[in-house]
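Reckoned from all heavy atoms, side chains included, excluding hydrogens, waters and symmetry mates. Along the sequence shown, the residues carry numbers beginning at 1. Each ligand, and each atom within it, is numbered from 1 in the order the structure gives.
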Amino acid sequence: MSRTPLVAGNWKLNKTVAEATELVEGIRAGTKDLEGVDLVVAPVATALHPVAAALKGAPIGLAAQNCYPEDTGAFTGELSPLLLADVGCTHCIVGHSERRQLFGETDAGVAAKAQALQAHALVPIVCLGETLEQREAGDTLKVCLGQLDASLDGVTVDGDRLILAYEPVWAIGTGKTASPADAQEVHHALRERLREKHGAAAADAVRILYGGSVKPANAAELLSQPDIDGALVGGASLKAETFVPIAEAAVH
Ligand code: 13P
């Protein structure tokens with residue numbers, strides 16, 4: 001079963017409105033003739049609306065980096081899937097390791113957010129991954145499969161409605177990348193668990209992205225692995241000159 005590769009840029013806490021608009025215009029221009037790969041950008045919340053305007057008519061998805069699983073109400077400081085859809089979002093990252101580590105996000109919270117996003121026809125990009133300590137203890141698969149099961153509790157597992165991202169915590173922003181073989185091993189295990197719990201059609205259709213120090217120099221090899229369906233790119237997504245070659249490397 002062939003899955004269209006997807007490359008997403010997680011801009012994290014970077015870029016003013018002017019900088020974000022300039023970046024997305026560069027990405028749009030640099031990928032206008034690119035076919036065979038889906039693209040998503042995830043700006044900081046204050047830039048979502050202007051980036052949506054800059055993307056008008058372009059086949060590039062727009063993701064938020066987080067959400068709160070209620071539509072409206074007394075939840076100071078939060079943003080809901082309802083409001084994210086209203087500004088033009090198509091996707092939302094949930095359960096990023098920075099949110100799990102710095103903001104106490106739990107698997108149950110991730111599942112609630114993913115469900116709320118799907119209720120508003122937004123596609124959650126559900127992130128998971130092990131820490132260095134867990135990898136060194138030989139617990140990588142146990143940790144990742146546990147996060148997968150719990151973060152997808154009550155979530156519709158369907159290729160059009162869900163994206164997963166495996167991001168080993170020790171590879172994020174460190175310049176250390178999982179070897180293609182190590183990443184493939186985890187991706188394969190995740191897909192087999194999807195097959196067991198959600199059936200072959202879902203397992204074969206859900207895209208599993210790799211994230212953690214993906215750069216133009218290492219993208220092609222990572223993305224050629226059979227169960228790696230794209231990349232969730234942090235640092236290298238902040239410049240069109242480095243994001244566009246990664247998008248190109250995903251086409252096969
Ligand atoms: P880096 O590509 O900067 O390692 O970040 C990866 C990431 O966290 C994407 O969500």
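- Near Ser213, meaning under 4.0 Å from any of its heavy atoms, are these atoms of ligand 1: 1 (P), 2 (O), 4 (O).
- If you check the side chains of Trp170 and Glu133, you find no donor sitting under 3.5 Å from an acceptor.
- Taking distance alone, with nitrogen or oxygen atoms compared against 3.5 Å, Gly211 stays at or beyond that limit from ligand 1.
- The shortest separation from a heavy atom of Lys12 to ligand 1 is under 4.0 Å, placing the residue in contact.
- Remark: of the listed residues Ile27, Thr31, Leu238, Leu23, Ile27 is the sole one forming a side-chain contact (heavy atoms from CB on, under 4.5 Å) with Phe243.
- Counting atoms of ligand 1 from 1 in the listed order, those under 4.0 Å from a heavy atom of Gly173 are 1 (P), 3 (O), 4 (O).
- Between the side chains of His120 and Asp71, at least one donor N or O lies within less than 3.5 Å of an accepting N or O.
- Closest approach of Pro5 to Ala250, counting heavy atoms only: CG-O, 3.1 Å.
- Where the criterion is an N or O separation shorter than 3.5 Å, residue side chain and backbone included, Ala236 fails it with respect to ligand 1.
- Taking every heavy atom of Gly212 and a limit of under 4.0 angstrom, the matching atoms of ligand 1 come to 4 (O), 6 (C).
- The shortest N or O to N or O distance between Glu98 and ligand 1 is not under 3.5 Å.
- Among Gly235, Gly175, Cys127, the residue whose heavy atom lies closest to atom 1 (P) of ligand 1 is Gly235.
- Looking at Val233 next to ligand 1, no N or O pair under 3.5 Å apart turns up.
- For the residue pair His96 and Gln65, no side-chain donor N or O sits within less than 3.5 Å of a side-chain acceptor on the partner.
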Check your understanding: When you look at Glu25 and Arg28, which way does the salt bridge (Lys or Arg N to Asp or Glu O under 4.0 Å) test go after all the steps?
Key -> CA-CA 5 Å; Glu25 281 167 356; Arg28 187 175 178 169; over 6 Å; no
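- Close contacts of ligand 1 with Leu232, meaning ligand atoms under 4.0 Å from a residue heavy atom, involve 9 (C), 10 (O).
- Residue Ala171 has at least one heavy-atom neighbour below 4.0 Å for each of these atoms of ligand 1: 4 (O).
- For atom 2 (O) of ligand 1, the closest non-hydrogen atom on the protein side is Gly234 N, 2.9 Å.
- Some N or O of Glu167 is nearer than 3.5 Å to an N or O of ligand 1, by distance alone.
- Residue-level proximity to ligand 1 for Asn10 is carried by the side chain, the only part with a heavy atom below 4.0 angstrom.
- Ring-plane geometry between His187 and Tyr210 is classed as tilted, the angle between the planes lying from 30 to 60 degrees on a 0 to 90 degree scale.
- Arg191 and Asp204 are not joined by a salt bridge, as no carboxylate oxygen comes within less than 4.0 angstrom of a charged side-chain nitrogen.
- Of the residues Pro124, Ser151, Pro69, the one that meets the side-chain contact (heavy atoms from CB on, under 4.5 Å) test with Val94 is Pro124.
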